[in-house]
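First the structure, in the form of C-alpha coordinates, and then the observations on it.
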Number of protein chains: 2
Amino acid sequence: MTIEQQFFNEFRLMYRPFTNQLNKQLEQYQLYSSQWAVLRFLIDKGPHSLVEIANFMSIEKPSVTRLVQKLVELGYVETVAGKDKREKVVQLTPFGENIVQEVQEHLKPFLEKALAGVSKQDTEIASRVLANISKNIHQ
Amino acid sequence: MTIEQQFFNEFRLMYRPFTNQLNKQLEQYQLYSSQWAVLRFLIDKGPHSLVEIANFMSIEKPSVTRLVQKLVELGYVETVAGKDKREKVVQLTPFGENIVQEVQEHLKPFLEKALAGVSKQDTEIASRVLANISKNIHQ
DNA sequence: CATAATTAGTTAGCTAAGCTAACTAATTGA
DNA sequence: TCAATTAGTTAGCTTAGCTAACTAATTATG
(Lines give C-alpha, C1' and ligand atoms only; values in the text may rest on other atoms or scores of the structure.)
Protein backbone atom coordinates (compact mmCIF):
# COMPACT_ATOMS: atom_id res chain seq x y z
CA MET A 1 0.00 0.00 0.00
CA THR A 2 1.41 3.36 -1.02
CA ILE A 3 1.52 6.29 1.39
CA GLU A 4 -1.15 8.03 -0.71
CA GLN A 5 -3.50 5.09 -0.36
CA GLN A 6 -2.69 4.88 3.33
CA PHE A 7 -3.59 8.51 3.81
CA PHE A 8 -6.96 8.32 2.05
CA ASN A 9 -7.69 5.14 3.93
CA GLU A 10 -7.16 6.84 7.27
CA PHE A 11 -9.18 9.77 6.04
CA ARG A 12 -12.20 7.60 5.25
CA LEU A 13 -11.89 5.60 8.47
CA MET A 14 -11.99 8.78 10.51
CA TYR A 15 -14.85 10.53 8.76
CA ARG A 16 -17.91 8.66 9.99
CA PRO A 17 -17.00 8.21 13.68
CA PHE A 18 -15.97 11.84 13.88
CA THR A 19 -19.13 13.16 12.24
CA ASN A 20 -21.32 10.92 14.40
CA GLN A 21 -19.69 12.19 17.56
CA LEU A 22 -19.86 15.77 16.38
CA ASN A 23 -23.57 15.37 15.65
CA LYS A 24 -24.04 14.08 19.19
CA GLN A 25 -22.26 17.16 20.56
CA LEU A 26 -24.53 19.40 18.45
CA GLU A 27 -27.79 17.62 19.33
CA GLN A 28 -28.60 19.91 22.24
CA TYR A 29 -28.54 22.90 19.89
CA GLN A 30 -30.81 21.08 17.39
CA LEU A 31 -28.01 21.25 14.85
CA TYR A 32 -26.44 18.75 12.47
CA SER A 33 -22.83 19.05 11.43
CA SER A 34 -23.85 20.27 7.98
CA GLN A 35 -25.90 23.11 9.46
CA TRP A 36 -23.09 23.89 11.86
CA ALA A 37 -20.75 24.20 8.90
CA VAL A 38 -22.99 26.96 7.51
CA LEU A 39 -23.00 28.81 10.83
CA ARG A 40 -19.22 28.48 11.00
CA PHE A 41 -18.90 29.95 7.54
CA LEU A 42 -21.14 32.90 8.43
CA ILE A 43 -19.31 33.73 11.65
CA ASP A 44 -15.90 33.42 9.99
CA LYS A 45 -16.60 35.20 6.71
CA GLY A 46 -19.68 37.33 7.40
CA PRO A 47 -23.03 37.41 5.57
CA HIS A 48 -23.10 35.74 2.15
CA SER A 49 -25.62 34.77 -0.49
CA LEU A 50 -26.82 31.20 -0.98
CA VAL A 51 -24.73 30.77 -4.11
CA GLU A 52 -21.64 31.92 -2.26
CA ILE A 53 -22.33 29.45 0.53
CA ALA A 54 -22.82 26.69 -2.05
CA ASN A 55 -19.51 27.53 -3.73
CA PHE A 56 -17.59 27.68 -0.50
CA MET A 57 -18.97 24.38 0.77
CA SER A 58 -18.75 22.66 -2.63
CA ILE A 59 -22.38 21.64 -2.53
CA GLU A 60 -25.30 22.44 -4.81
CA LYS A 61 -27.75 25.29 -4.43
CA PRO A 62 -30.77 23.18 -3.46
CA SER A 63 -28.76 21.70 -0.60
CA VAL A 64 -28.00 25.18 0.69
CA THR A 65 -31.65 26.22 0.39
CA ARG A 66 -32.63 23.43 2.78
CA LEU A 67 -29.83 24.03 5.25
CA VAL A 68 -30.66 27.71 5.43
CA GLN A 69 -34.41 27.06 5.70
CA LYS A 70 -33.76 24.97 8.79
CA LEU A 71 -31.45 27.57 10.33
CA VAL A 72 -34.10 30.25 9.73
CA GLU A 73 -36.70 28.08 11.48
CA LEU A 74 -34.35 27.77 14.45
CA GLY A 75 -33.95 31.55 14.50
CA TYR A 76 -30.19 31.30 14.10
CA VAL A 77 -30.02 33.12 10.75
CA GLU A 78 -32.16 35.46 8.67
CA THR A 79 -32.13 36.39 5.03
CA VAL A 80 -32.06 39.97 3.79
CA ALA A 81 -32.30 41.41 0.30
CA GLY A 82 -29.02 41.55 -1.60
CA LYS A 83 -28.03 44.13 -4.21
CA ASP A 84 -30.28 42.20 -6.61
CA LYS A 85 -33.93 41.45 -6.20
CA ARG A 86 -32.91 37.85 -6.89
CA GLU A 87 -30.16 37.60 -4.35
CA LYS A 88 -30.79 36.58 -0.72
CA VAL A 89 -28.06 37.35 1.74
CA VAL A 90 -27.89 35.06 4.75
CA GLN A 91 -26.72 36.49 8.06
CA LEU A 92 -26.65 35.43 11.70
CA THR A 93 -29.30 36.84 14.01
CA PRO A 94 -28.11 38.23 17.37
CA PHE A 95 -29.50 35.03 18.90
CA GLY A 96 -27.61 33.01 16.29
CA GLU A 97 -24.38 34.79 17.11
CA ASN A 98 -24.79 33.89 20.77
CA ILE A 99 -25.50 30.29 19.91
CA VAL A 100 -22.42 30.07 17.71
CA GLN A 101 -20.25 31.40 20.55
CA GLU A 102 -21.82 28.90 22.90
CA VAL A 103 -21.35 25.99 20.51
CA GLN A 104 -17.73 26.97 19.88
CA GLU A 105 -17.09 26.82 23.63
CA HIS A 106 -19.00 23.59 23.97
CA LEU A 107 -17.05 21.92 21.14
CA LYS A 108 -13.63 23.02 22.34
CA PRO A 109 -12.95 20.12 24.72
CA PHE A 110 -14.36 17.64 22.21
CA LEU A 111 -12.03 18.83 19.46
CA GLU A 112 -9.09 18.96 21.83
CA LYS A 113 -9.80 15.41 22.98
CA ALA A 114 -10.00 14.30 19.35
CA LEU A 115 -6.55 15.78 18.70
CA ALA A 116 -5.04 14.65 22.00
CA GLY A 117 -1.43 13.58 21.61
CA VAL A 118 -1.01 15.48 18.35
CA SER A 119 1.39 18.43 18.37
CA LYS A 120 0.34 21.87 17.13
CA GLN A 121 2.90 21.56 14.35
CA ASP A 122 1.51 18.26 13.13
CA THR A 123 -2.05 19.57 13.32
CA GLU A 124 -0.98 22.52 11.21
CA ILE A 125 0.77 20.32 8.68
CA ALA A 126 -2.27 18.02 8.44
CA SER A 127 -4.47 21.08 8.04
CA ARG A 128 -2.32 22.36 5.18
CA VAL A 129 -2.29 18.96 3.52
CA LEU A 130 -6.10 18.86 3.54
CA ALA A 131 -6.33 22.39 2.15
CA ASN A 132 -3.85 21.48 -0.55
CA ILE A 133 -5.91 18.47 -1.61
CA SER A 134 -9.05 20.60 -1.78
CA LYS A 135 -7.20 22.98 -4.06
CA ASN A 136 -5.85 20.17 -6.26
CA ILE A 137 -9.23 18.52 -6.57
CA HIS A 138 -11.28 21.61 -7.20
CA GLN A 139 -12.79 21.91 -10.69
CA MET B 1 -10.34 30.31 15.05
CA THR B 2 -8.16 27.77 16.84
CA ILE B 3 -5.90 25.42 14.94
CA GLU B 4 -8.14 22.51 15.97
CA GLN B 5 -11.18 24.19 14.45
CA GLN B 6 -9.17 25.07 11.37
CA PHE B 7 -8.16 21.46 10.93
CA PHE B 8 -11.67 20.04 11.20
CA ASN B 9 -12.89 22.76 8.88
CA GLU B 10 -10.43 21.75 6.19
CA PHE B 11 -11.30 18.15 6.80
CA ARG B 12 -14.99 18.74 6.14
CA LEU B 13 -14.34 20.96 3.13
CA MET B 14 -12.28 18.25 1.53
CA TYR B 15 -14.55 15.30 2.17
CA ARG B 16 -17.35 15.82 -0.34
CA PRO B 17 -15.33 16.93 -3.40
CA PHE B 18 -12.88 14.13 -2.84
CA THR B 19 -15.54 11.44 -2.47
CA ASN B 20 -17.43 12.73 -5.51
CA GLN B 21 -14.32 12.57 -7.64
CA LEU B 22 -13.40 9.17 -6.29
CA ASN B 23 -16.87 7.88 -7.13
CA LYS B 24 -16.40 9.16 -10.67
CA GLN B 25 -13.12 7.27 -10.93
CA LEU B 26 -14.82 4.10 -9.69
CA GLU B 27 -17.87 4.38 -11.95
CA GLN B 28 -16.42 2.24 -14.72
CA TYR B 29 -16.02 -0.64 -12.26
CA GLN B 30 -19.63 -0.22 -11.05
CA LEU B 31 -18.27 0.61 -7.59
CA TYR B 32 -19.00 3.30 -5.04
CA SER B 33 -16.36 4.47 -2.64
CA SER B 34 -18.01 2.60 0.23
CA GLN B 35 -17.87 -0.68 -1.69
CA TRP B 36 -14.33 0.04 -2.71
CA ALA B 37 -13.45 0.48 0.97
CA VAL B 38 -14.64 -3.08 1.59
CA LEU B 39 -12.54 -4.43 -1.27
CA ARG B 40 -9.55 -2.53 0.04
CA PHE B 41 -10.02 -4.02 3.47
CA LEU B 42 -10.23 -7.56 2.04
CA ILE B 43 -7.12 -7.22 -0.13
CA ASP B 44 -5.12 -5.64 2.72
CA LYS B 45 -6.22 -7.83 5.60
CA GLY B 46 -7.55 -11.00 3.95
CA PRO B 47 -10.96 -12.70 4.31
CA HIS B 48 -13.06 -11.54 7.25
CA SER B 49 -16.57 -12.01 8.59
CA LEU B 50 -19.27 -9.35 8.23
CA VAL B 51 -18.99 -8.36 11.88
CA GLU B 52 -15.25 -7.91 11.51
CA ILE B 53 -15.77 -5.70 8.47
CA ALA B 54 -18.37 -3.68 10.39
CA ASN B 55 -15.98 -3.18 13.30
CA PHE B 56 -13.09 -2.18 11.11
CA MET B 57 -15.11 0.32 9.12
CA SER B 58 -17.03 1.63 12.15
CA ILE B 59 -20.38 0.99 10.53
CA GLU B 60 -23.31 -1.19 11.53
CA LYS B 61 -23.91 -4.78 10.47
CA PRO B 62 -26.90 -4.07 8.20
CA SER B 63 -24.78 -1.61 6.24
CA VAL B 64 -22.16 -4.29 5.67
CA THR B 65 -24.80 -6.82 4.61
CA ARG B 66 -25.86 -4.50 1.79
CA LEU B 67 -22.35 -3.59 0.70
CA VAL B 68 -21.37 -7.25 0.54
CA GLN B 69 -24.59 -8.25 -1.25
CA LYS B 70 -23.75 -5.80 -3.99
CA LEU B 71 -20.15 -6.99 -4.26
CA VAL B 72 -21.37 -10.59 -4.50
CA GLU B 73 -23.73 -9.59 -7.34
CA LEU B 74 -20.79 -8.03 -9.14
CA GLY B 75 -18.83 -11.25 -8.69
CA TYR B 76 -16.03 -9.45 -6.86
CA VAL B 77 -16.42 -11.34 -3.57
CA GLU B 78 -17.99 -14.55 -2.30
CA THR B 79 -19.00 -15.74 1.14
CA VAL B 80 -17.89 -19.04 2.62
CA ALA B 81 -18.86 -20.76 5.86
CA GLY B 82 -16.87 -19.66 8.91
CA LYS B 83 -15.98 -21.81 11.92
CA ASP B 84 -19.57 -21.28 13.07
CA LYS B 85 -22.72 -22.12 11.20
CA ARG B 86 -23.69 -18.50 11.86
CA GLU B 87 -20.56 -16.85 10.59
CA LYS B 88 -20.09 -15.87 6.93
CA VAL B 89 -16.57 -15.16 5.82
CA VAL B 90 -16.23 -12.74 2.92
CA GLN B 91 -13.35 -13.20 0.49
CA LEU B 92 -12.34 -11.87 -2.89
CA THR B 93 -12.98 -14.07 -5.93
CA PRO B 94 -10.09 -14.47 -8.41
CA PHE B 95 -11.98 -12.04 -10.64
CA GLY B 96 -12.36 -9.66 -7.69
CA GLU B 97 -8.62 -9.80 -7.01
CA ASN B 98 -7.90 -8.83 -10.60
CA ILE B 99 -10.36 -5.98 -10.41
CA VAL B 100 -8.82 -4.68 -7.20
CA GLN B 101 -5.37 -4.68 -8.82
CA GLU B 102 -6.80 -2.88 -11.83
CA VAL B 103 -8.60 -0.28 -9.72
CA GLN B 104 -5.47 0.32 -7.62
CA GLU B 105 -3.56 1.07 -10.82
CA HIS B 106 -6.35 3.21 -12.17
CA LEU B 107 -6.59 5.27 -8.98
CA LYS B 108 -2.87 5.84 -8.62
CA PRO B 109 -2.63 8.97 -10.82
CA PHE B 110 -5.82 10.36 -9.29
CA LEU B 111 -4.51 10.03 -5.75
CA GLU B 112 -1.13 11.39 -6.78
CA LYS B 113 -2.76 14.38 -8.43
CA ALA B 114 -4.82 14.97 -5.27
CA LEU B 115 -1.65 15.03 -3.21
CA ALA B 116 0.39 16.99 -5.72
CA GLY B 117 2.74 19.45 -4.05
CA VAL B 118 2.61 17.63 -0.74
CA SER B 119 5.82 15.99 0.46
CA LYS B 120 5.96 12.33 1.48
CA GLN B 121 6.82 13.44 5.00
CA ASP B 122 3.80 15.71 5.28
CA THR B 123 1.54 13.04 3.82
CA GLU B 124 2.83 10.64 6.44
CA ILE B 125 2.33 13.14 9.23
CA ALA B 126 -1.22 13.88 8.08
CA SER B 127 -1.87 10.16 7.85
CA ARG B 128 -0.70 9.65 11.42
CA VAL B 129 -2.78 12.59 12.66
CA LEU B 130 -5.91 11.06 11.13
CA ALA B 131 -5.14 7.65 12.64
CA ASN B 132 -4.55 9.30 16.00
CA ILE B 133 -7.92 11.01 15.89
CA SER B 134 -9.65 7.74 15.01
CA LYS B 135 -8.03 6.19 18.06
CA ASN B 136 -8.98 9.11 20.32
CA ILE B 137 -12.56 9.17 19.14
CA HIS B 138 -13.24 5.50 19.26
CA GLN B 139 -16.14 5.22 21.73
C1' DC C 1 -28.80 -30.38 30.98
C1' DA C 2 -32.20 -27.03 30.00
C1' DT C 3 -32.94 -22.63 29.24
C1' DA C 4 -31.34 -17.81 29.27
C1' DA C 5 -28.21 -14.73 27.21
C1' DT C 6 -25.35 -13.62 23.57
C1' DT C 7 -23.73 -13.45 18.84
C1' DA C 8 -23.91 -13.43 13.44
C1' DG C 9 -26.53 -12.12 10.07
C1' DT C 10 -30.88 -10.37 7.80
C1' DT C 11 -35.05 -7.55 6.64
C1' DA C 12 -37.71 -3.46 6.86
C1' DG C 13 -37.98 1.01 7.05
C1' DC C 14 -35.85 5.45 8.48
C1' DT C 15 -32.38 9.59 8.12
C1' DA C 16 -28.50 12.90 6.89
C1' DA C 17 -26.64 14.97 3.41
C1' DG C 18 -26.24 15.34 -0.46
C1' DC C 19 -27.70 15.15 -5.91
C1' DT C 20 -30.16 16.39 -10.79
C1' DA C 21 -33.94 18.21 -13.51
C1' DA C 22 -37.02 21.53 -14.19
C1' DC C 23 -38.92 25.52 -12.91
C1' DT C 24 -39.70 31.10 -11.77
C1' DA C 25 -38.11 35.66 -11.37
C1' DA C 26 -34.65 38.99 -12.14
C1' DT C 27 -30.74 40.65 -14.55
C1' DT C 28 -27.33 41.11 -18.41
C1' DG C 29 -25.73 41.18 -23.01
C1' DA C 30 -26.02 40.97 -28.27
C1' DT D 1 -35.71 43.77 -27.37
C1' DC D 2 -35.34 39.37 -26.67
C1' DA D 3 -32.03 35.59 -25.70
C1' DA D 4 -28.94 34.02 -22.35
C1' DT D 5 -27.53 33.91 -17.79
C1' DT D 6 -28.02 33.97 -12.80
C1' DA D 7 -30.29 33.36 -7.94
C1' DG D 8 -33.18 30.74 -5.78
C1' DT D 9 -36.85 27.07 -5.24
C1' DT D 10 -39.48 22.63 -5.58
C1' DA D 11 -39.80 17.83 -6.47
C1' DG D 12 -38.01 13.71 -6.31
C1' DC D 13 -33.82 10.74 -6.35
C1' DT D 14 -29.32 8.63 -4.33
C1' DT D 15 -25.44 7.28 -1.25
C1' DA D 16 -24.30 5.81 2.81
C1' DG D 17 -25.37 5.19 6.52
C1' DC D 18 -28.84 4.22 10.90
C1' DT D 19 -32.23 1.59 14.49
C1' DA D 20 -35.60 -1.93 15.65
C1' DA D 21 -36.96 -6.30 15.37
C1' DC D 22 -36.25 -10.57 13.84
C1' DT D 23 -34.03 -15.81 13.01
C1' DA D 24 -30.64 -19.18 13.73
C1' DA D 25 -26.70 -20.74 16.11
C1' DT D 26 -23.74 -20.76 20.01
C1' DT D 27 -22.29 -20.06 24.88
C1' DA D 28 -23.01 -19.52 29.77
C1' DT D 29 -25.54 -20.47 33.96
C1' DG D 30 -28.72 -22.11 37.67
Side-chain angles (χ1 to χ4, degrees), chain A residues 11-27 30-41 47-73 77-90, chain B residues 11-27 30-41 47-73 77-90:
Chain A
F11 181 78
R12 162 167 265 278
L13 283 178
M14 189 200 121
Y15 180 77
R16 176 77 29 191
F18 176 75
T19 304
N20 286 349
Q21 296 257 21
L22 180 57
N23 279 336
K24 246 176 241 170
Q25 295 292 322
L26 294 171
E27 214 169 40
Q30 292 172 269
L31 286 171
Y32 291 111
S33 63
S34 52
Q35 296 156 357
W36 172 239
V38 174
L39 295 180
R40 281 292 315 278
F41 173 66
H48 280 86
S49 72
L50 277 89
V51 163
E52 287 164 342
I53 296 173
N55 288 341
F56 180 79
M57 294 180 70
S58 306
I59 60 179
E60 299 305 313
K61 291 185 297 173
S63 308
V64 178
T65 298
R66 294 225 181 133
L67 289 173
V68 169
Q69 274 169 355
K70 185 68 194 177
L71 292 172
V72 169
E73 268 178 49
V77 308
E78 60 195 356
T79 56
V80 299
K83 53 184 182 306
D84 258 19
K85 273 183 194 165
R86 294 172 299 179
E87 203 180 67
K88 274 185 174 181
V89 170
V90 185
Chain B
F11 180 77
R12 162 168 265 279
L13 283 177
M14 187 200 122
Y15 180 78
R16 176 79 26 195
F18 176 74
T19 304
N20 286 348
Q21 295 257 22
L22 180 57
N23 279 335
K24 246 175 243 170
Q25 295 292 323
L26 293 172
E27 214 169 41
Q30 294 172 268
L31 287 171
Y32 290 112
S33 64
S34 53
Q35 295 156 358
W36 171 238
V38 175
L39 295 181
R40 282 293 315 279
F41 173 66
H48 280 86
S49 72
L50 277 89
V51 163
E52 287 164 343
I53 296 173
N55 289 341
F56 179 78
M57 295 179 71
S58 304
I59 60 178
E60 298 306 313
K61 291 186 296 171
S63 308
V64 178
T65 297
R66 293 225 181 134
L67 290 172
V68 168
Q69 273 169 355
K70 185 67 194 176
L71 292 172
V72 169
E73 268 178 51
V77 308
E78 60 194 356
T79 56
V80 298
K83 53 184 181 306
D84 260 20
K85 272 182 195 164
R86 295 172 299 180
E87 203 179 68
K88 273 184 174 182
V89 171
V90 185

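Chain A is the first sequence line, chain B the second, and so forth, proteins listed ahead of strands; every chain is numbered from 1. Side-chain atoms are counted along with the backbone in the values below, which use heavy atoms only and exclude waters and symmetry mates.
- In this structure, B/Arg66 atom CZ and D/dT19 atom C1' are separated by 12 Å, rounded to whole Å.
- One interatomic measurement links the two molecules: CD of B/Glu52 to C1' of C/dT7, which rounds to 13 Å at whole-angstrom precision.
- Salt-bridge annotation for A/Lys24 and A/Glu27: absent, with no side-chain N of the basic residue lying under 4.0 Å from a carboxylate O of the acidic one.
- Rounded to an integer number of Å, the gap from B/Glu60 CD to C/dT7 P is 15 Å.
- Taking the six-membered ring wherever Trp is involved, the centroid distance between the rings of B/Phe41 and B/His48 falls below 6.0 Å.
- Nearest-nucleotide positions on DNA chain D place A/Leu50 closer to the 5' end than the other of A/Leu50 and B/Tyr15.
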Quick one: which protein N/O atoms are closer than 3.5 Å to N/O atoms of nucleotides 22-27 of chain D? Pair and distance per line, please.
unit_1 : atom_1 : unit_2  : atom_2 : d
D/dT26 : OP1    : B/Lys85 : N      : 2.9

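- Atom CG in B/Asn20 sits roughly 16 Å away from atom P in D/dT14 (whole-Å rounding).
- Spacing between atom CD1 of B/Ile59 and atom P of C/dT10 amounts to 13 Å, rounded to whole angstrom units.
- Of the possible polar contacts, none joining the A/Ser58 side chain to the A/Ala54 backbone as a donor-acceptor pair under 3.5 Å is found.
- Panel note: side chain A/Thr19, backbone A/Tyr15; a donor-acceptor pair is recorded below 3.5 Å.
- With sequence neighbours left out, B/Arg40 forms a side-chain contact (heavy atoms from CB on, under 4.5 Å) with A/Met1, A/Gln5, A/Asn9, B/Trp36, B/Asp44, B/Gln104.
- Minimum atom distance to the side chain of A/Lys61 is reached by D/dG8, of the listed C/dG18, D/dT10, D/dG8.
- Within the structure, every side-chain polar atom (N or O) of B/Ser49 is placed at least 4.0 Å from both OP1 and OP2 of C/dA8.
- When rounded to the nearest whole Å, the span between CZ of A/Phe18 and P of D/dG17 equals 17 Å.
- Between A/Val89 and B/Asn23, the residue whose closest nucleotide on DNA chain D is further toward the 5' end is A/Val89.
- Ring planes of B/Phe18 and A/Phe11: perpendicular class, angle over 60° (limits at 30 and 60°).
- Following rounding to the nearest Å, A/Glu87 (CD) and C/dT28 (P) show an atom-to-atom distance of 11 Å.
- In this structure, A/Gln69 places its CD atom 15 Å from P of C/dA17, rounding to the nearest Å.
- Checked by distance alone, B/Lys88 brings no side-chain donor or acceptor within 3.5 Å of a matching partner on the base of C/dG9.
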